[in-house]
Amino acid sequence: MNSYWFLVEQGLDKLQDARAIRHSVFVEEQGFCNEFDEIDATAHHLVIYSGNTPMATGRVFQKADKQFTIGRVAVLKSYRGDGFGRIIMENLENQARVLGAETIVLSAQLHAKGFYEALGYQAQGEIYMDQHCPHITMEKSL
Ligand SMILES: CC(C)(COP(=O)(O)OP(=O)(O)OC[C@H]1O[C@@H](n2cnc3c(N)ncnc32)[C@H](O)[C@@H]1OP(=O)(O)O)[C@@H](O)C(=O)NCCC(=O)NCCS
C-alpha cells in the first residue's frame, strides 16, 4: 500500500473531493440517481489521499440513540483491493465511537456483503432493492 493521509469534515460542502469520488463511483460507474441527499449536510465525511490524489471516501451519521450509519463507502476503481476500504471503515467507526456510537447499522450493496463481513458486520433480514441494486442491512457492535 502507498502512504496515505486523510481528512474528515462535517458537511459535504467542505470536502468537494468526497463529492467527486461519489459521482465517479456511484453515478458514473454504478448508475445510481439521487446520489446526494439532505444527510450530506450534517454527516461526517472522510477522504483518503495519496499525495494530492483523492482515492476513497465514506460518511457517518447518527441514526438513533447510540446507533450510527456508515455509508457511501467508495474506493476509486484503480485503488481497490489494497486495503483502503478497510481504512475508511475503521476510521469512520472511530469517528462514530467518539460521537457516542455503540452500534453501526448500514445498507450494503449485496456484492459488497463479504467486504463488510470481513470487517465484523453481520447481515440482518431480507435482501431488498434500492433503485436497481439489491441491498442487505448489516450491523456491528462497536
Ligand atoms: C466495496 C469497496 C469499498 C471495497 O474497498 P477495497 O479497498 O477494495 O477493500 P479492501 O481492500 O479494504 O478489502 C478489505 C477486506 O474485504 C475483502 N473484500 C473487499 N471487497 C470484497 C467483496 N466485494 N466481496 C468480498 N470481500 C471483499 C478483502 O478481501 C479484504 O479482506 P481481508 O482483509 O480479509 O483480506 C470497493 O470495492 C468499492 O468502492 N466498490 C464500489 C463502491 C461500492 O460498491 N461500495 C459499497 C457500497 S455498499
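For ligands, and for the atoms within them, numbers begin at 1 and follow the listed sequence.
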What distance do L7 atom CG and N91 atom CG have between them, rounded to the nearest 0.5 Å?
-> 11.5 Å
What is the distance from atom NE2 of H45 to atom CG of D13, rounded to the nearest 0.5 Å?
-> 8.5 Å
Connected via hydrophobic side-chain network under 4.5 Å: I104 and I136 = yes
Which of these, D40, T42, T69, sits in a side chain to side chain donor-acceptor pair (under 3.5 Å) with R59?
-> D40
In order of chain and number, which residues sit within 4.0 Å of ligand 1 by heavy atom?
-> V25, F26, Q30, V73, A74, V75, R80, G81, D82, G83, F84, G85, R86, S107, A108, Q109, H111, G114, F115, Y116, A118
L76 and S24: which non-hydrogen atoms are nearest, and at how many Å?
-> CD2-OG, 3.6 Å
Are the charged groups of R80 and E29 less than 4.0 angstrom apart, N to O?
-> yes
